[in-house]
Visitor: 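Take a look at this one; I'll ask things after.
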Amino acid sequence: NGVGQVFLRFAINNNSTANGQINGNGASQAAFGSWSDARLKENIVDLPPQLTNILSLRPVEFDYIASEGSGHQISFIAQDFEKVYPDAVGERDDGMKTLTGWGKTEARLVKAIQELAAKVTALEEQLNG
């Protein structure tokens, strides 16, 4: 399956704390891997409901300005996203906001969840109306 193949490891704190790795993810595929073994964790609890948060996100398409390399992209606006999930927003040295872990695929999935939620709401209204 290739998932056990490690291409690159990341560490912080003078290389004393492992931080993730890039794994082989099957034939001709690579993926970022995070530590997930239960033996490495404590205080494990289920996430609270997230649908309201997901419904309030704003997936967008946009074009980067020339100084950022131009090009069309799909994602989110960091300032909007920060209101919902501040732990995913950081800052570059020049003060520009960054977004970690939420890109094209996630934006498309959020949009699809929002569409499905709207359909469920419409169906509930038909049933109750």
Side-chain angles (χ1 to χ4, degrees):
N1 69 9
V3 175
Q5 193 172 21
V6 177
F7 297 131
L8 182 64
R9 295 181 197 273
F10 299 96
I12 56 174
N13 299 328
N14 239 0
N15 227 13
S16 66
T17 305
N19 210 21
Q21 61 192 32
I22 297 178
N23 300 320
N25 192 25
S28 301
Q29 297 289 316
F32 185 78
S34 300
W35 311 140
S36 191
D37 193 301
R39 296 170 293 180
L40 301 173
K41 302 172 182 181
E42 58 187 10
N43 304 319
I44 300 169
V45 297
D46 291 337
L47 272 178
Q50 295 296 308
L51 187 57
T52 300
N53 290 344
I54 294 298
L55 294 178
S56 69
L57 295 175
R58 181 179 170 225
V60 296
E61 290 188 61
F62 56 92
D63 296 316
Y64 275 110
I65 60 175
S67 64
E68 294 299 312
S70 303
H72 193 73
Q73 190 57 267
I74 297 170
S75 184
F76 302 89
I77 304 300
Q79 286 86 344
D80 297 337
F81 205 91
E82 189 171 29
K83 295 171 189 169
V84 181
Y85 292 119
D87 61 331
V89 177
E91 211 171 86
R92 299 187 329 194
D93 289 341
D94 63 2
M96 296 294 170
K97 303 261 184 198
T98 62
L99 183 61
T100 301
W102 293 78
K104 284 182 193 182
T105 300
E106 293 79 9
R108 289 176 171 132
L109 291 172
V110 165
K111 186 65 177 178
I113 290 167
Q114 292 171 341
E115 292 167 6
L116 287 171
K119 288 182 180 186
V120 167
T121 299
L123 289 170
E124 287 174 339
E125 288 173 358
Q126 283 180 357
L127 288 173
N128 296 329

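Just so you know, these numbers use all the heavy atoms, side chains as well, and skip hydrogens, waters and symmetry mates.
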Visitor: By salt bridge (Lys or Arg N to Asp or Glu O under 4.0 Å), which residues pair with Arg39, not counting sequence neighbours?
Guide: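 For Arg39 the salt bridge (Lys or Arg N to Asp or Glu O under 4.0 Å) partners, ignoring immediate neighbours, are Asp37.
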
Visitor: Please check if the side chain of Asn128 supplies one atom and the backbone of Glu124 the other of a donor-acceptor pair under 3.5 Å.
Guide: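 Looks like yes, one N/O pair under 3.5 Å.
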
Visitor: State which residues pass salt bridge (Lys or Arg N to Asp or Glu O under 4.0 Å) with Lys97; sequence neighbours excluded, sorted by chain then number.
Guide: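 Applying salt bridge (Lys or Arg N to Asp or Glu O under 4.0 Å) to Lys97 gives Glu82.
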
Visitor: If you look only at distance, which donor and acceptor atoms sit under 3.5 Å apart when one is on a side chain in residues 109-116 and the other is two or more places apart or in another chain?
Guide:
from   : atom 1 : to    : atom 2 : distance (Å)
Gln114 : NE2    : Ile54 : O      : 3.1
Gln114 : NE2    : Leu55 : O      : 3.4
Gln114 : NE2    : Leu57 : O      : 2.8

Visitor: With sequence neighbours excluded, what pairs up with Arg58 under the salt bridge (Lys or Arg N to Asp or Glu O under 4.0 Å) test?
Guide: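 Scan of Arg58 (salt bridge (Lys or Arg N to Asp or Glu O under 4.0 Å), adjacent residues dropped) gives Asp80.
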
Visitor: Less than 4.5 Å apart, side chain to side chain, heavy atoms only: is that true for Gln126 and Leu123?
Guide: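 Side-chain contact under 4.5 Å: yes.
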
Visitor: Looking at NZ of Lys83 and OG of Ser56, how far apart are the two atoms once the value is rounded to the nearest 0.5 Å?
Guide: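 Spacing of NZ (Lys83) from OG (Ser56) equals 10.0 Å.
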
Visitor: Can you confirm whether Tyr64 is buried at OH, in the sense that more than 12 heavy atoms of other residues, nucleotides or ligands lie under 6.0 Å from that atom?
Guide: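 No - once you tally the heavy atoms of other residues, nucleotides and ligands closer than 6.0 Å, there are 12 at most.
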
Visitor: Taking Thr17 for the side chain and Asn13 for the main chain, is one N or O donor matched with an acceptor at less than 3.5 Å?
Guide: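 Looks like no, no N/O pair under 3.5 Å.
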
Visitor: Might you point out which heavy atoms bring Ala88 and Phe81 nearest each other, and give the distance in Å?
Guide: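 What the structure gives for the nearest pair is CB-CE2, 3.8 Å.
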
Visitor: Mind checking salt bridge (Lys or Arg N to Asp or Glu O under 4.0 Å) for Glu68 and listing every partner two or more places apart, or none if nothing turns up?
Guide: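 If we apply the salt bridge (Lys or Arg N to Asp or Glu O under 4.0 Å) test to Glu68, skipping adjacent residues, the hits are Arg92.
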
Visitor: Flag the pair Val89 / Pro86 as yes when at least one side-chain heavy-atom distance between them is below 4.5 Å, and no otherwise.
Guide: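 Result no, sub-4.5 Å side-chain heavy-atom pair not found.
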
Visitor: How far does CG of Asn14 sit from OG of Ser16, to the nearest 0.5 angstrom?
Guide: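 OG of Ser16 is found 6.5 Å from CG of Asn14.
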
Visitor: When clusters are formed by joining ILVMFWY residues with side-chain heavy atoms under 4.5 Å apart, either directly or through shared neighbours, do Ile12 and Leu8 land in the same one?
Guide: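 The answer is no; the residues belong to distinct hydrophobic clusters.
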
Visitor: Would you say that more than 12 heavy atoms from the other residues, nucleotides or ligands in this model lie under 6.0 Å from the CG of Asp94, or not?
Guide: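 Yes - once you tally the heavy atoms of other residues, nucleotides and ligands closer than 6.0 Å, there are more than 12.
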
Visitor: Under 3.5 Å, sequence neighbours excluded: what are the donor-acceptor pairs made by side chains of residues 69-77?
Guide:
from  : atom 1 : to     : atom 2 : distance (Å)
His72 : ND1    : Phe62  : O      : 3.3
His72 : ND1    : Asp63  : OD1    : 2.8
His72 : NE2    : Glu61  : OE1    : 2.7
Ser75 : OG     : Trp102 : O      : 3.3

